[in-house]
Amino acid sequence: MNKKAIIVGASSGIGQEVARLLLADGWHIGVAARREEPLMALKATAPERVEVMTIDVTKEDAGERLLILVEQLGGMDLYFHASGIGKQNRTLTEDIELRTMTTNAVGFTRMIGTAYRYFAERGNGHIAAISSIAGTKGLGPAPAYSATKALQATYLQALEQQARQRKLDIRITDIRPGFVDTALLNDDFPYPLMMKPETVAKDIVQSIYRKRHVRIIDWRYRVLTKGWQLIPRWLWRRFKI
Ligand SMILES: NC(=O)c1ccc[n+]([C@@H]2O[C@H](COP(=O)([O-])OP(=O)(O)OC[C@H]3O[C@@H](n4cnc5c(N)ncnc54)[C@H](OP(=O)(O)O)[C@@H]3O)[C@@H](O)[C@H]2O)c1
């Protein structure tokens with residue numbers, strides 16, 4: 001197999017696990033994030049099949065750096081976007097809200113756009129990104145996180161329709177996990193129904209292979225999100241979460 005994937009946000013958590021699984025499946029991968037050390041550690045596991053690039057998705061040169069990484073890798077069949085930040089922000093601290101917007105909305109749009117234009121020119125490709133179940137309802141404890149995840153999901157849906165209308169063979173997969181035990185949830189809050197990043201990554205890789213459009217992980221969160229879609233706004237605002 002000589003398939004090539006770029007994983008942005010591969011330095012920890014779910015992105016790192018997906019990178020490991022793709023490597024184990026024989027993929028050639030390009031990995032990116034801000035922290036170089038964990039990326040180099042990934043490279044050390046299969047030096048001839050891993051390319052590394054530090055990328056900060058909030059910086060203007062991030063798209064350019066992605067294309068350099070694609071060139072180093074010798075092409076890209078799959079773009080996987082795992083970069084993201086998220087914090088509870090019950091006091092609406094401005095810095096947290098704005099940094100979340102810059103990373104999850106502006107950075108996301110920059111990177112997904114670069115990958116989409118690359119695939120549009122090539123004629124085909126696959127974009128998969130981790131949004132979240134948090135984007136399916138406005139969550140009081142984390143307004144910017146919840147809103148940016150909704151933006152990501154809507155953006156991916158729009159691209160899916162655009163690709164079809166332009167007759168581009170670009171597949172889009174929107175991954176929506178529930179709570180996963182990663183550095184992102186490093187506060188003391190007792191998150192329920194916590195999943196392991198390894199398990200979630202396995203589901204993601206299978207969802208990519210099956211070319212799913214949307215994948216909510218796992219079944220308990222599929223039930224939960226279906227349920228809360230039915231809750232009317234007047235009742236939702238009374239919910240204590
Ligand atoms: N954990 C959960 O419960 C959960 C649930 C649903 C969805 N998600 C989503 O899953 C994705 C991965 O999160 P995770 O849980 O695996 O957390 P994580 O371990 O904190 O991973 C986040 C990744 O994003 C990268 N990143 C953050 N800011 C970046 C920036 N400005 N430029 C480039 N890369 C950046 C980090 O790398 P550097 O710090 O090295 O840059 C890291 O590789 C996120 O989009 C998150 O919203 C997580």
Side-chain angles (χ1 to χ4, degrees), residues 6-21 29-42 52-66 69 79-89 96 98-112 114 128-137 139 141-142 144-153 155-156 173-187 189-201 203-204 207 214-218 220-222 224-225:
I6 300 276
I7 301 110
V8 177
S11 60
S12 64
I14 307 169
Q16 188 177 60
E17 290 304 325
V18 167
R20 284 199 184 114
L21 287 177
I29 61 172
V31 288
R34 292 168 302 181
R35 286 167 294 162
E36 193 174 22
E37 215 180 297
L39 301 177
M40 294 309 291
L42 259 176
V52 168
M53 174 75 66
T54 53
I55 296 180
D56 181 340
V57 301
T58 67
K59 299 278 191 279
E60 275 181 16
D61 67 355
E64 234 168 84
R65 292 179 74 75
L66 170 61
L69 180 58
Y79 175 75
F80 184 70
H81 192 91
S83 285
I85 58 171
K87 261 196 177 355
Q88 293 206 17
N89 192 11
I96 294 176
L98 296 185
R99 265 191 301 125
T100 306
M101 293 287 181
T102 314
T103 306
N104 296 1
V106 180
F108 173 89
T109 308
R110 177 179 285 127
M111 302 311 283
I112 296 288
T114 305
I130 312 178
S131 65
S132 172
I133 60 149
T136 63
K137 205 84 178 168
L139 303 179
Y145 185 69
S146 186
T148 53
K149 291 298 170 179
L151 175 144
Q152 294 180 351
Y155 200 86
L156 293 170
T173 302
D174 173 3
I175 312 276
R176 302 177 187 171
F179 295 128
V180 190
D181 191 6
T182 67
L184 192 118
L185 301 184
N186 64 359
D187 44 29
F189 191 78
Y191 293 96
L193 308 178
M194 194 78 116
M195 300 177 287
K196 286 191 188 337
E198 298 83 356
T199 318
V200 171
D203 194 318
I204 290 174
S207 302
V214 177
R215 178 68 170 167
I216 298 171
I217 305 170
D218 55 12
R220 298 167 302 175
Y221 287 98
R222 290 197 279 280
L224 184 85
T225 51

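Model, not experiment: these values are computed from the prediction. Note that ligands are numbered from 1 as they come in the structure, with each ligand's atoms numbered from 1 the same way.
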Which one holds for [X] and ligand 1: side chain close, backbone close, both close, or neither close, with close meaning a heavy atom under 4.0 Å?
X	answer
Lys149	side chain
Ser131	backbone
Ile85	side chain

Shortest protein heavy-atom distance from [atom], along with the residue and atom involved:
atom	result
atom 14 (P) of ligand 1	Thr182 OG1, 3.4 Å
atom 9 (C) of ligand 1	Ile130 CG2, 3.7 Å
atom 2 (C) of ligand 1	Val180 N, 3.4 Å
atom 48 (C) of ligand 1	Tyr145 OH, 3.9 Å
atom 18 (P) of ligand 1	Ser12 OG, 3.5 Å
atom 27 (C) of ligand 1	Arg34 NH2, 3.5 Å
atom 11 (C) of ligand 1	Ala82 O, 3.1 Å
atom 35 (C) of ligand 1	Ser83 OG, 3.5 Å

Whether Asp174 and Arg215 form a salt bridge (side-chain N of Lys/Arg under 4.0 Å from carboxylate O of Asp/Glu) is what I want to check.
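The answer is no: the pair does not qualify as a salt bridge.
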Step-by-step side-chain contact (heavy atoms from CB on, under 4.5 Å) determination, Ser132 to Tyr145
CA-CA 9 Å; Ser132 172; Tyr145 185 69; 3.9 Å; yes
From the candidates Gly178, Ser132, Gly86, Gly135, the one that places a heavy atom nearest atom 4 (C) of ligand 1:
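Residue with the shortest heavy-atom distance to the ligand atom: Gly178.
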Out of Leu184, Ile14, Ile133, whose heavy atom is nearest to atom 20 (O) of ligand 1?
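Shortest heavy-atom distance from atom 20 (O) of ligand 1: Leu184.
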Which atoms of ligand 1 sit under 4.0 Å from any heavy atom of [X]?
X	result
Asp56	30 (C), 31 (N), 32 (N)
Ser11	36 (C), 37 (O), 38 (P), 40 (O), 42 (C), 43 (O)
Phe179	3 (O)
Leu185	3 (O)
Ile55	32 (N), 33 (C)
Thr58	31 (N)
Gly13	16 (O), 19 (O)

At their closest point, which heavy atom of [X] faces which heavy atom of [Y], and how far apart are they?
X	Y	answer
Ala62	Asp56	CB-O, 3.4 Å
Leu42	Arg20	CD2-CG, 4.0 Å
Leu185	Val180	CD1-O, 3.3 Å
Leu184	Gly84	CD1-O, 3.9 Å
Leu69	Ala32	CD2-CB, 4.1 Å
Thr54	Arg34	CG2-O, 3.8 Å

Gly107: heavy atom below 4.0 Å from ligand 1, yes or no?
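Per 4.0 Å heavy-atom rule, Gly107 does not contact ligand 1.
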Checking the N or O distance criterion of under 3.5 Å, is ligand 1 in contact with Val8?
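By distance alone, the answer is no.
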Less than 3.5 Å between some nitrogen or oxygen of Arg35 and one of ligand 1, yes or no?
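Yes.
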Looking at Glu198, I want to see if its CD is surrounded by more than 12 non-hydrogen atoms of other residues, nucleotides or ligands under 6.0 Å.
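Yes.
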So does Lys87 have more than 12 non-hydrogen atoms from other groups sitting under 6.0 Å from NZ?
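Atom NZ in Lys87 is not packed in, count stays at 12 or less.
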Starting from the C-alpha separation in whole Å, work towards a yes-or-no answer on side chain to side chain donor-acceptor pair (under 3.5 Å) for Thr58 and Arg110.
CA-CA 8 Å; Thr58 67; Arg110 177 179 285 127; 6.0 Å; no
Is there a donor-acceptor contact under 3.5 Å from the side chain of Ser146 to the main chain of Leu139?
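Yes, Ser146 side chain to Leu139 backbone: donor-acceptor pair under 3.5 Å.
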Do Thr148 and Met101 come within less than 4.5 Å of each other through their side chains, counting heavy atoms only?
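Counting from C-beta outward, Thr148 and Met101 do come under 4.5 Å.
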Please assess Asp218 against Arg220 for the test salt bridge (Lys or Arg N to Asp or Glu O under 4.0 Å), listing each intermediate value before the final yes or no.
CA-CA 6 Å; Asp218 55 12; Arg220 298 167 302 175; 3.0 Å; yes
